[in-house]
Asker: 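Sending over a structure as structure tokens; questions will come in a sec.
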Amino acid sequence: MIREARKEEALVPAQMARKIWGNDSVEEFKKEFEEFAENQNMVSFIIYEDSNPIGFANLSIRYDYVEGCETTPVAYLEGIYVDEKYRNRGYGRDLVKACENWAKDRDIKEFASDCELTNLSSFAFHKAIGFEEANRIICFKKDL
């Protein structure tokens, strides 16, 4: 079962997000998921096996330029996670399909995502569910 996450459920995906983006606290992630639930241009989906939450996906609508896209706005997969013991069973694909349907319902024509150059499993996942590579870049920054 997949359902759109409500604000009062923000702790559920926040705990999962901590497993992949360990640089923030669960409380910080919880605030982000609450913001997703309150913003009409964002959505989080939680996937359950029986009544056990096993993954989530975050999607936003981006109005700025998105690498490789020709239209605006663009649906953007901000993050996706499926618990390790449930991977390779189609749950990630199902989460992405929920995101696609949400975007199509809003008449959005393109769907984009990204991953780190070194994250080969994420790269393989994206390719397996139909994404095509748009570009590769290395980003720089400098403190002033």
Side-chain angles (χ1 to χ4, degrees), residues 1-49 51-84 86-142:
M1 174 183 68
I2 297 175
R3 74 168 192 245
E4 198 170 317
R6 298 181 312 267
K7 182 179 178 180
E8 56 272 11
E9 297 174 296
L11 184 59
V12 172
Q15 290 170 328
M16 290 185 269
R18 181 83 167 93
K19 294 177 183 178
I20 53 173
W21 301 303
N23 52 333
D24 290 331
S25 70
V26 170
E27 188 56 38
E28 289 170 311
F29 285 122
K30 183 177 178 274
K31 287 178 188 173
E32 286 183 34
F33 282 96
E34 288 171 344
E35 290 172 13
F36 262 74
E38 293 177 328
N39 188 324
Q40 67 181 13
N41 289 322
M42 299 176 169
V43 67
S44 296
F45 290 100
I46 302 173
I47 190 165
Y48 295 84
E49 185 173 273
S51 60
N52 182 35
I54 61 167
F56 74 89
N58 286 351
L59 182 75
S60 71
I61 298 174
R62 292 192 179 184
Y63 292 89
D64 54 337
Y65 172 73
V66 174
E67 190 73 37
C69 293
E70 298 175 7
T71 62
T72 191
V74 172
Y76 203 89
L77 184 63
E78 300 290 349
I80 187 166
Y81 172 82
V82 174
D83 188 272
E84 282 188 47
Y86 296 97
R87 291 182 187 166
N88 299 311
R89 298 186 193 180
Y91 292 119
R93 183 181 301 274
D94 292 345
L95 281 165
V96 169
K97 190 68 176 165
C99 292
E100 290 173 354
N101 290 337
W102 187 88
K104 286 177 185 177
D105 287 346
R106 285 148 184 82
D107 203 33
I108 295 173
K109 305 296 183 212
E110 290 182 285
F111 188 25
S113 184
D114 64 62
C115 70
E116 297 286 331
L117 289 172
T118 57
N119 191 340
L120 300 180
S121 62
S122 180
F123 178 79
F125 169 76
H126 281 82
K127 296 290 283 183
I129 61 171
F131 280 100
E132 60 185 56
E133 187 174 332
N135 198 4
R136 289 185 180 228
I137 62 171
I138 297 173
C139 300
F140 297 94
K141 80 162 202 98
K142 184 179 193 178

Asker: Looking at Glu70, is its backbone amide N or carbonyl O close enough to the side chain of Glu110 to form a donor-acceptor pair, meaning the two atoms are under 3.5 Å apart?
Answerer: yes

Asker: Please enumerate all residues that pass side chain to side chain donor-acceptor pair (under 3.5 Å) together with Asn88, with sequence neighbours excluded.
Answerer: none

Asker: Walk me through whether Tyr81 and Leu95 qualify under side-chain contact (heavy atoms from CB on, under 4.5 Å).
Answerer: CA-CA 9 Å; Tyr81 172 82; Leu95 281 165; over 6 Å; no

Asker: Starting at CZ of Arg6, measure out to CD1 of Ile46 and round the result to the nearest 0.5 Å.
Answerer: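 It comes to 8.5 Å.
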
Asker: Could you tell me if the ring centre of Phe131 sits under 6.0 Å from that of Phe125?
Answerer: no

Asker: When you measure from the side chain of Ser60 to the backbone of Met42, do you find a donor-acceptor pair of N or O atoms at a distance under 3.5 Å?
Answerer: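 No, Ser60 side chain to Met42 backbone: no donor-acceptor pair under 3.5 Å.
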
Asker: Between Val96 and Leu77, which heavy-atom pair has the shortest distance, and what is it?
Answerer: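 For Val96 and Leu77, the tightest heavy-atom pair comes out as CG2-CD2, 4.2 Å.
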
Asker: After noting the C-alpha distance and the side-chain angles of Arg89 and Val82, does the key distance pass the side-chain contact (heavy atoms from CB on, under 4.5 Å) rule?
Answerer: CA-CA 10 Å; Arg89 298 186 193 180; Val82 174; over 6 Å; no

Asker: Drop me the distance from Arg62's CZ to Thr72's OG1, to the nearest 0.5 angstrom.
Answerer: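 OG1 of Thr72 is found 11.5 Å from CZ of Arg62.
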
Asker: Roughly how far apart are Glu67 CD and Ile137 CD1, rounded to 0.5 Å?
Answerer: 6.0 Å

Asker: Enter the distance from Phe45:CZ to Phe36:CZ here, rounded to the nearest 0.5 Å.
Answerer: 11.5 Å

Asker: Only counting residues at least two apart or in another chain, list the ones meeting salt bridge (charged side-chain N to carboxylate O under 4.0 Å, His left out) with Lys97.
Answerer: Glu100

Asker: Heavy-atom count check: over 12 atoms from other residues, nucleotides or ligands less than 6.0 Å from Glu133 CD?
Answerer: yes

Asker: Within a reach of under 6.0 Å around CD of Glu8, are more than 12 heavy atoms found that belong to other residues, nucleotides or ligands?
Answerer: yes

Asker: Please report the closest heavy-atom contact between Ala112 and Cys69, naming both atoms and the distance.
Answerer: CB-SG, 4.0 Å

Asker: Please work out whether the ring planes of Tyr86 and Tyr91 are parallel, tilted or perpendicular, with thresholds of 30° and 60°.
Answerer: perpendicular

Asker: At their closest point, which heavy atom of Pro73 faces which heavy atom of Thr71, and how far apart are they?
Answerer: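 In terms of heavy atoms, the two residues are closest at O-OG1, 4.1 Å.
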
Asker: Apply side-chain contact (heavy atoms from CB on, under 4.5 Å) to the pair Ile61 and Trp102, showing each step before the final yes or no.
Answerer: CA-CA 10 Å; Ile61 298 174; Trp102 187 88; 3.8 Å; yes

Asker: Please find the pair of heavy atoms, one from Leu59 and one from Cys99, that lie closest to each other, and give the distance.
Answerer: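 So the two residues come closest at CD2-O, 3.4 Å.
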
Asker: Take Lys31 and Glu35 through the test salt bridge (Lys or Arg N to Asp or Glu O under 4.0 Å) and record every step on the way to the result.
Answerer: CA-CA 6 Å; Lys31 287 178 188 173; Glu35 290 172 13; over 6 Å; no

Asker: Measuring only between side-chain heavy atoms, which start at C-beta, is Tyr76 closer than 4.5 Å to Ile108?
Answerer: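 Sidechains of Ile108 and Tyr76: no contact.
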
Asker: Can you give each donor-acceptor pair under 3.5 Å made by side-chain atoms of residues 10-21, sequence neighbours left out, with the distance rounded to 0.1 Å?
Answerer:
{"from": "Arg18", "atom 1": "NE", "to": "Asp24", "atom 2": "O", "distance (Å)": "3.2"}
{"from": "Arg18", "atom 1": "NH1", "to": "Gly22", "atom 2": "O", "distance (Å)": "2.4"}

Asker: Between CD of Glu132 and NE2 of His126, what distance do you get to the nearest 0.5 Å?
Answerer: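 Going from the CD atom of Glu132 to the NE2 atom of His126 covers 13.0 Å.
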
Asker: Rounded to the nearest 0.5 Å, how far does CG of Asn58 lie from CZ of Phe29?
Answerer: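 Separation between the atoms: 10.0 Å.
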
Asker: I'd like to know if the side chain of Arg93 reaches the main chain of Ala128, judged simply by a donor and an acceptor atom lying under 3.5 Å from each other, with no hydrogens or angles considered.
Answerer: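 Between the backbone of Ala128 and the side chain of Arg93 there is a qualifying donor-acceptor contact (under 3.5 Å).
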
